Amino acid sequence: MAKFPERVFSGVQPTGNLHLGNYLGAIKRFVAMQATHPCIYCVVDLHAMTLPHEPAQLQRTTREVTAAFLACGIDPKANIVFNQSRVAEHAELAWVFDCVARLGWLNRMTQFKEKAGKDRENASIGLFNYPVLMAADILIYRATHVPVGDDQKQHLELTRDIAQKFNNDFAASIAAHGHGEAYFPLPEPLIQGPATRVMSLRDGTKKMSKSDPSEYAHIALTDDADAIAQKIRRAKTDPEPLPGEVEGLARRPEADNLVGIFAALNDATKEDVLKRFGGSQFSAFKTALADLAIEKLAPIRAEMLRLAADPAFTDAVLAEGAERARVIARPNMDAIKDILGLVR
Ligand code: TRP
């Protein structure tokens, strides 16, 4: 396989309040990748339309996610930050991939089944097609690395399958147009770290979600210190003290989750955390966890509030990011059209 220059792409949907799970599972790693790679971070507003949406809310949450990116430390000068709908090449390539991806591949996507629920006949075509648009997001930039939460692994596999099939089906034309043996890289998911899957504070077997009926289940990035402390104090635990070893977390989902959160916030491993807290009661551990969470989240919250008061600033970041994204996306789309035999 040809060697492609390394480039990171990832996206976050502008739906509702961002929480600790979004931060530790995704955005914190976006920030880390900046040190080593050119990165493109996208607010995927077109994906947010796959379920019924409220226009005024979409506009607000698009700005909110942008503010969260910046507040968490993504540098929009060194990297590209923009909203998906501004760069038409995403949707343009998604159509091409609609003709590459097979119905059988999409029928296997588990997230569609979860999101469509029982009334599948009534789901939007966009919801079914969601992973194809996601493949286009990544491949229009020929990105090689994609930091995502572990629930996106299957979508990344589909992205690779689409890239591979395009490379195979059009191999002769790809070579004839001077692109060597493959036009698209096979992008790799980056899914690692102690808290790539942050679970609900009320139920360690369920993913942390803003739509959980209990507001104590998640910590929002805009929660103040009191709210954070209270939610951690009330978090579900079991009666045993913390184990000394990671193996001791097996079948203790709540303990595992809280230790994972501590580790991720502290840039440490679960082993490190248990070395320090093994044998402690949860009360002592929770106090330390609350202090740590407040220390890490307070500056993010303050910056998000500051940016919320200045939407012109986030809007300018998105507009400029889109210009720069298009500089990469347009020539790639033209090359893809040439490969496909579309006259332009
Ligand atoms: N589906 C992703 C999620 O829900 C969001 C997303 C859309 C994305 N396009 C992407 C993530 C491209 C990575 C790359 O988390």
Side-chain angles (χ1 to χ4, degrees), residues 6-31 33 37-51 53 58 61-62 65-66 68-69 72 74 79-87 89-94 97 101 106 109-116 124 126-163 184-192 195-198 207-211 321-322 325 328-329:
E6 294 198 347
R7 174 178 278 149
V8 167
F9 182 96
S10 197
V12 171
Q13 277 202 60
T15 44
N17 246 330
L18 288 176
H19 55 68
L20 189 63
N22 303 114
Y23 176 58
L24 296 178
I27 303 175
K28 190 161 187 282
R29 276 169 318 135
F30 296 2
V31 175
M33 295 306 294
H37 288 77
C39 303
I40 304 177
Y41 295 126
C42 186
V43 184
V44 291
D45 48 8
L46 296 176
H47 277 110
M49 295 166 50
T50 56
L51 292 173
H53 85 281
L58 180 58
T61 51
T62 298
V65 172
T66 310
F69 279 177
C72 292
I74 291 172
N79 304 282
I80 297 178
V81 174
F82 73 107
N83 57 313
Q84 188 187 26
S85 60
R86 272 218 171 91
V87 179
E89 286 78 3
H90 291 238
E92 197 176 350
L93 183 58
F97 287 168
L106 282 169
M109 296 293 116
T110 56
Q111 194 164 76
F112 171 74
K113 291 175 197 170
E114 278 161 33
K115 287 192 179 179
S124 73
L127 186 65
F128 186 69
N129 214 20
Y130 179 117
V132 175
L133 178 60
M134 180 165 162
D137 294 339
I138 298 165
L139 292 172
I140 191 67
Y141 304 102
R142 300 205 279 178
T144 54
H145 294 83
V146 185
V148 277
D150 112 313
D151 60 329
Q152 296 300 309
K153 220 169 137 182
Q154 195 185 35
H155 291 163
L156 253 294
E157 278 157 20
L158 182 90
T159 301
R160 296 164 66 90
D161 288 344
I162 290 173
F184 291 118
L186 306 183
E188 285 176 35
L190 299 173
I191 304 172
Q192 80 281 75
T196 45
R197 221 176 137 82
V198 178
K207 218 181 135 171
M208 183 176 280
S209 156
K210 60 162 175 43
S211 49
I328 305 170

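In this text, all values refer to a predicted model and were calculated from it rather than measured experimentally. Counting starts at 1 for both ligands and their atoms, in listed order.
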Seminar exercise, completed: Within 4.0 Å of some non-hydrogen atom of V148, the atoms of ligand 1 are 11 (C), 13 (C)
Exercise. Is there a side-chain contact between F112 and Q154, using heavy atoms and a 4.5 Å cut-off?
Worked result: no
Exercise. What do you reckon, does D137 have a nitrogen or oxygen under 3.5 Å from a nitrogen or oxygen of ligand 1?
Worked result: yes
Exercise. Which of the atoms of ligand 1 are close to V44, meaning less than 4.0 Å from one of its heavy atoms?
Worked result: 7 (C), 9 (N)
For this session: Compare all side-chain heavy atoms of D137 with those of V44 and state whether any distance is below 4.5 angstrom.
Result: yes
Exercise. Would a line drawn from the ring center of F97 to the ring center of H90 be shorter than 6.0 Å?
Worked result: no
For this session: Take every heavy atom of G149, measure it against each atom of ligand 1, and state whether any distance is under 4.0 Å.
Result: no
Problem set entry | F9: numbered ligand 1 atoms lying under 4.0 Å from its heavy atoms | 12 (C), 14 (C)
For this session: Check V146 against ligand 1 and report side chain, backbone, both or neither, counting heavy atoms closer than 4.0 Å.
Result: side chain
For this session: Return yes or no for this condition: an N or O of Q111 is under 3.5 Å from an N or O of ligand 1.
Result: no
Exercise. Relative to each other, are the rings of H37 and H145 parallel, tilted or perpendicular (30° and 60° limits)?
Worked result: tilted
Problem set entry | L156 CG to E188 CD distance, which is reported to the nearest 0.5 Å | 9.5 Å
Seminar exercise, completed: Closest to atom 10 (C) of ligand 1 among protein heavy atoms sits M134 CG, 3.5 Å
Exercise. Under 4.5 Å between any side-chain heavy atoms of I328 and I80, yes or no?
Worked result: yes
Exercise. Relative to ligand 1, is L133 under 4.0 angstrom through side chain, backbone, both or neither, heavy atoms considered?
Worked result: neither
For this session: Please determine, by modelled atom types, if Y141 and E89 share a side-chain donor-acceptor pair under 3.5 angstrom.
Result: no
Problem set entry | Subset of ligand 1 atoms that lie under 4.0 Å from at least one heavy atom of Y130 | 1 (N), 2 (C), 3 (C), 4 (O), 5 (C)
For this session: Would you tell me which option among G11, P189, P187 has the nearest heavy-atom contact to atom 11 (C) of ligand 1?
Result: G11
Seminar exercise, completed: So the atoms of ligand 1 within less than 4.0 Å of a heavy atom of H47 turn out to be 7 (C), 9 (N)
Problem set entry | Close side-chain approach of P187 and R160, heavy atoms under 4.5 Å | yes
Exercise. Taking only heavy atoms of S10, which atoms of ligand 1 are found under 4.0 Å from at least one of them?
Worked result: 11 (C), 13 (C), 14 (C)
For this session: Given side-chain contact (heavy atoms from CB on, under 4.5 Å), test Y23 with L18 step by step and report yes or no.
Result: CA-CA 8 Å; Y23 176 58; L18 288 176; over 6 Å; no
